[in-house]
Amino acid sequence: MSKYNFKEIEEKWKKIWRDEKSFKAIDFDPKPTYYVLTEFFGVSGKGLHMGHVKANIPTDVIARYKRLKGFNVLYPVGWDAFGLPTENYAIKTGEQPLKVTNDNIKNFTNQLESLGMSYDWDRQFATCDPDYYKWTQWIFLQLLNHGLAYRKHGIVNFCPNCKTTLSNEDSQNGECDRCHGKVEQKERDVWYLKMTEYAEHMLKDHENCDFPEYVKAMQRNWIGKSEGAEIDFDLENTAEKLTVYTTRPDTLFGVTFMAIAPEHKIIEQLKNKIQNISEITNYQETVKHKSAFDRTVAKDKTGVEIVGIKAINPVNGAKIPIFVADYVMMGYGTGALMAVPAHDTRDFEFAQKFNIPIIQVIEGGDINKQAFTGDGKLINSDFLNNKNTDEAKQLMIKYLEDKKLGRRKINFKMQDWSFNRQRYWGEPFPVVICPNCGYVALDENDLPLKLPEIEDYKPDDNGNSPLAKATDWVNCKCPKCGANAKRETDTMPNWAGSSWYWLRFIDPHNNNELASQEKLKYWGAVDLYTGGDEHVTRHMLYASFWHHFLYDIKAVPFEYPFKKRLCNGLVLGADGNKMSKSLGNVVDPMDILKPYGADAFRLYSLFSGEYDQNTIWNEQGIKGCVKFISNVWDLPNIMTDESIISDKHQVILNKLIKKVSEAIENFTHNTAIAEMMIFVNTVKQDKYITKEELREFLIVLNPFAPFITSEMYEQIFKQSILKQSFPDFDEKKCIEDIIELPVQINGKLKGVIKVANNAEQAEVITQLKNQLPNIAQTPTKKIIYVKNRILNLIV
RNA sequence: GCUGAAGUGGCGGAAUAGGCAGACGCAAGGGACUUAAAAUCCCUCGGGGGCAACCCCGUGCCGGUUCAAGUCCGGCCUUCAGCACCA
């Protein structure tokens with residue numbers, strides 16, 4: 001045969017698969033279903049990068065494998081197009097967002113076809129398609145109608161670079177998720193989605209979905225559930241109360257001061273009674289100018305005592321000083337805390353600095369040196385004395401509840417989702433602002449509320465929405481009272497469209513509902529969902545929230561969105577750094593595809609590193625895969641005409657099938673490829689492969705190298721390889737009749753003998769005498785023989 | 001500090017359930033073919049010792065269990081990732 005011409009053959013099969021819609025998923029087919037999905041593509045770039053290849057090839061392999069195994073596979077593709085990423089890209093290139101979206105989709109499509117991705121292309125959509133965002137808006141209306149979307153004036157994250165408010169998830173580490181600039185805090189009116197309402201549901205996903213341990217840990221951390229109590233402290237000479245949140249109500253007798261966040265509203269409310277108000281105002285100003293880093297990471301405690309007001313401990317009437325201190329965060333709990341320096345490290349540091357007394361209420365540690373934060377027996381605590389921590393907590397909460405001084409409370413670090421952006425490229429909110437009626441929801445039948453085309457869509461320096469300029473669109477009638485009204489001009493964040501898209505793939509063209517109940521029931525939850533771990537505390541949380549909500553309103557018939565989640569590692573540049581233009585270490589996948597071909601590239605991307613680990617790109621290694629492909633192409637030269645599996649190749653072929661099947665499911669593709677190389681090396685050495693052996697080998701290789709195997713199968717067997725079944729293996733045939741058994745003396749290897757599979761000890765000893773007489777002569781105290789594993793002689 | 005994961009040749013990485021450590025591949029070295037190069041094929045390839053058959057050491061470190069430990073147990077060290085004044 002001539003040399004493998006991958007260029008010609010890849011073009012041929014690309015066209016066939018496109019024209020014949022070879023990977024179309026058929027609704028309601030009686031075969032078992034398998035729904036596999038990798039996070040859809042952001043179109044904020046011209047095309048694929050190496051990370052896409054590493055993330056997507058493994059799911060293409062499993063999709064192709066499952067089809068050959070007889071599953072009805074749903075493997076869709078789509079475009080995450082709305083939002084900051086795409087819009088920032090459009091601004092950079094000076095184009096309209098819709099144009100860059102369409103251009104980039106075209107390019108992505110072509111590249112993905114070149115890689116041999118087996119998507120059902122008919123199900124694709126972009127989140128900026130009106131037919132799609134109609135239902136994103138519909139979900140928002142449902143949230144609004146169920147009281148889960150609300151407006152609130154508050155302090156929110158604001159990115160001065162992207163000129164928009166951001167959610168907490170988008171501002172992790174005080175950094176904008178998109179531009180990595182520093183995020184500021186601003187006071188604004190904001191749309192919130194009540195995500196905290198679903199916090200428990202989101203945690204429950206961890207019991208019902210198969211996530212890697214570290215993914216669960218990250219989410220648990222972010223959701224940050226804690227159990228404790230809210231306690232009301234009377235304030236001397238005022239009618240106001242100061243409510244604090246604590247996880248240690250058992251230590252209430254040890255409170256020696258109170259601390260409130262500089263933003264706490266009680267300062268404004270009681271300013272007339274505060275004797276050092278100007279000192280406090282000054283402190284508030286300094287804090288405002290501190291960066292998020294200085295405030296949260298720098299451990300040096302600062303604060304100012306409020307002169308003129310004291311708090312009263314509800315259990316013993318003690319008068320307690322109140323401090324304004326920036327180690328207290330307004331965003332968590334009530335923005336105020338009861339400080340127990342004996343048993344809290346931060347309170348201890350603060351008390352030392354400000355010479356505040358320390359009262360020990362739990363036995364243990366040495367509180368002269370440091371806070372004792374462990375559990376123990378209560379002391380100095382009246383009715384709690386001699387109780388242990390757990391019991392004391394419960395007794396104290398009961399006491400507070402009985403006397404109406406406080407209540408049991410569960411708190412989350414995670415906060416509600418701030419949901420509006422002062423940007424153009426996103427879903428318009430389906431609400432109208434009426435001077436008479438306030439915020440009024442549009443009627444479902446008026447969806448989609450289309451995003452108007454505007455020439456200058458760039459964000460405004462003052463954080464005003466670009467849509468405000470589209471006055472024809474903004475001015476409207478109130479759907480309730482008919483008065484002149486205005487539309488909401490902020491838009492939804494990029495995470496809106498991605499919070500339910502896997503459901504739409506199930507029924508992408510439905511105009512009457514987001515997806516039909518029958519089809520949702522047929523396909524069910526995503527069996528395997530893969531993507532990057534940067535989404536674990538963003539997209540994955542939002543997705544969980546929306547899915548549970550849709551389940552609660554019966555729009556979706558299954559409770560959990562994803563059955564299993566895997567996260568891929570990154571592809572790093574040859575220098576070990578993240579690929580980036582500024583470092584000049586970026587490798588374009590298309591530059592690899594061209595000289596080596598798609599199959600070799602696919603194999604190498606799977607062979608050269610572990611799926612969930614970062615991989616350092618090294619082009620050298622691909623040669624081994626190119627060689628392998630070329631060896632496969634040459635196999636017909638040594639093919640014999642028998643349609644049987646020869647005795648000699650029985651074991652190696654069975655082992656191959658077993659190994660590959662397991663490796664695909666376990667995402668350990670490198671071992672599968674190693675096994676295929678061993679197979680090819682062996683038959684090459686034996687100088688023959690039977691026709692049937694080659695047939696089964698091609699099917700096993702097909703998910704990894706779809707182009708060459710499709711071509712060879714057609715040439716030799718005159719059929720489509722896609723219609724074949726993945727061969728089964730026989731466990732019994734995975735081991736040779738005669739095996740090599742290692743022989744040890746005192747646990748050290750001395751030699752190897754050939755014995756029958758499953759041989760009994762007596763027979764093994766006989767063989768030992770025949771094959772290794774020197775060793776057999778050694779006088780032994782004890783013989784340890786494990787069938788097919790080891791013979792160990794103890795002397 | 002808390003949470004999670006991981007430490008194996010020059011490199012990427014193998015080694016179900018404790019049983020031949022280093023599969024498979026890359027790189028490197030030697031040889032064959034060739035006028036030459038590429039391609040291909042054959043050999044070597046953890047360290048140390050010996051002419052040799054062979055011997056000793058070796059999976060981050062120190063101990064332990066076991067006939068047998070990369071794998072199990074106890075105690076450290078290091079690296080990576082995420083979170084971090086969360087009351």
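A, B, ... follow the sequence lines: proteins, then strands. Residue 1 opens every chain. Note that the structure is a prediction, hence the values are computed from the model and not measured.
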### Message
Return the pairing partner of B:U59 with a 3.5 Å limit on both distances, Watson-Crick or G-U wobble; otherwise return none.
### Response
none
### Query
In whole angstrom, what separates A:Phe412's CZ from B:C83's P?
20 Å
### Summary
Whole-Å distance, A:Met330 CE to B:A87 P, equals 16 Å
### Message
Can you confirm whether A:Tyr245 sits close enough to A:Ser226 that some side-chain heavy atom of one is under 4.5 Å from a side-chain heavy atom of the other?
### Response
yes
## Note on the structure
Which of B:U3, B:C24, B:C85 is nearest the side chain of A:Ala217? It is B:U3
### Summary
From the list A:Glu213, A:Gln219, A:Lys216, side chain to side chain donor-acceptor pair (under 3.5 Å) partner of A:His206 resolves to A:Gln219
### Query
Is the phosphate of B:A87, meaning OP1 or OP2, less than 4.0 Å from a side-chain N or O of A:Tyr332?
yes
### Task
Scan A:Asn681 against the nucleic acid and name what it touches under 4.0 Å (heavy atoms): base, sugar-phosphate only, or nothing.
sugar-phosphate
### Rounded distance (Å) that lies between atom P of B:A5 and atom CZ of A:Arg220
10 Å
### Closest to side chain of A:Leu337, choosing from B:G25, B:C55, B:A87
B:A87
### Query
If pairing requires Watson-Crick or G-U wobble contacts with both distances under 3.5 Å, which nucleotide is the partner of B:A81?
B:U3
### Query
OP1, OP2 of B:C41 versus side-chain N and O of A:Lys627: anything below 4.0 Å?
no
### Query
To the nearest 0.5 Å, what is the distance between SG (A:Cys625) and CG (A:Asn631)?
11.5 Å
### Query
Checking all strands, does A:Val328 fall into the base, sugar-phosphate, or nothing category for heavy-atom contacts under 4.0 angstrom?
base
### Task
Take atom OH of A:Tyr596 and atom P of B:C26, then tell me their distance rounded to the nearest Å.
13 Å
### Task
Between B:G19 and B:U34, how far apart are the P atoms? Round to whole Å, please.
50 Å
### Query
Taking the six-membered ring where the residue is Trp, are the ring centres of A:Tyr596 and A:Phe601 under 6.0 Å apart?
no
### Integer angstrom distance from the C1' of B:A17 to that of B:C72
12 Å
### B:U79 and B:A32, which share atom name C1', separated by this distance in whole Å
46 Å
### Task
Take the protein atom CZ of A:Phe348 and the nucleotide atom P of B:G1, then report the distance between them rounded to whole Å.
18 Å
### Task
Using the C1' atom on both, measure B:G47 against B:G22 and round to a whole Å.
13 Å
### Query
Would you say the base of B:C83 and the side-chain of A:Lys413 have a donor-acceptor pair closer than 3.5 Å?
no
### Summary
Comparing nearest nucleotides in RNA chain B, the 5'-proximal residue of the pair A:Thr334, A:Gln620 is A:Gln620
### Query
Is B:G25 paired to anything, Watson-Crick or G-U wobble with both distances less than 3.5 Å, and if yes, which nucleotide?
B:C11
### Message
Would you measure the distance from the P atom in B:U8 across to the matching atom in B:G4 and give it in whole Å?
### Response
22 Å
### Task
Find out whether the Lys NZ or Arg CZ of A:Lys225 is both under 6.0 angstrom from the six-membered ring centre of A:Phe412 and within 45° of the ring's axis.
no
#### Entry: Base orientation of B:G9, syn vs anti, 90° cut from 0
syn
### Same-atom distance (C1') from B:C43 to B:G48, integer angstrom
23 Å
### Message
Under 4.0 Å from OP1 or OP2 of B:A81: is there any side-chain N or O of A:Lys578 that close?
### Response
no
### Task
Take A:Glu227 and A:Lys409, measure what salt bridge (charged side-chain N to carboxylate O under 4.0 Å, His left out) needs, and give me the verdict at the end.
CA-CA 6 Å; A:Glu227 294 175 63; A:Lys409 174 88 180 168; over 6 Å; no
### Task
Please state the P separation for the pair B:G75 and B:C2 - nearest whole angstrom.
15 Å
### Message
Assess, by modelled atom type and distance only, whether the side chains of A:Thr302 and A:Tyr283 contain a donor and an acceptor separated by less than 3.5 Å.
### Response
yes
### Query
Partner of B:A36 by Watson-Crick or G-U wobble geometry, both contacts under 3.5 Å, or none?
none
### Residue pair A:Tyr192 / A:Ser167, side-chain donor-acceptor N/O under 3.5 Å
no
### Task
Check the angle between the aromatic planes of A:Phe6 and A:Tyr4 and answer parallel, tilted or perpendicular using the 30° and 60° thresholds.
tilted
### Query
Within this structure, what is the CG-to-P distance between A:Asp177 and B:G82, rounded to whole angstrom?
13 Å
### Query
What nucleic acid atoms does A:Lys409 come within less than 4.0 Å of, heavy atoms only: base, sugar-phosphate, or nothing?
nothing
### Message
Strictly under 4.0 angstrom, non-hydrogen atoms only: write out the protein contact profile of nucleotides 13-23 of chain B, one letter per nucleotide from the 5' end, B, S or -.
### Response
SS-B--BB--B
### Task
Determine which nucleotide pairs with B:A52, using a 3.5 Å limit on both distances of a Watson-Crick or G-U wobble pair.
none
### Query
Can you check the A:Leu791 CG to B:C67 P distance for me, whole Å?
16 Å
### Query
Taking only side-chain nitrogens and oxygens of A:Lys684, does any of them come within less than 4.0 Å of OP1 or OP2 of B:C41?
yes
#### Entry: Pairing partner (Watson-Crick or G-U wobble, both distances under 3.5 angstrom) of B:A17
none
### salt_bridge(A:Asp232, A:Arg407) N-O dist < 4.0 Å
yes
### Distance test, side-chain N/O of A:Ser226 to OP1/OP2 of B:A87, below 4.0 Å
yes
### Residue whose nearest RNA chain B nucleotide is more 5′ - A:Gly624 or A:Glu213
A:Glu213
#### Entry: Rounded interatomic separation in angstrom, taking NE2 from A:His535 and P from B:A81
19 Å
#### Entry: Pairwise P distance, B:C56 and B:A21 [rounded to whole Å]
13 Å
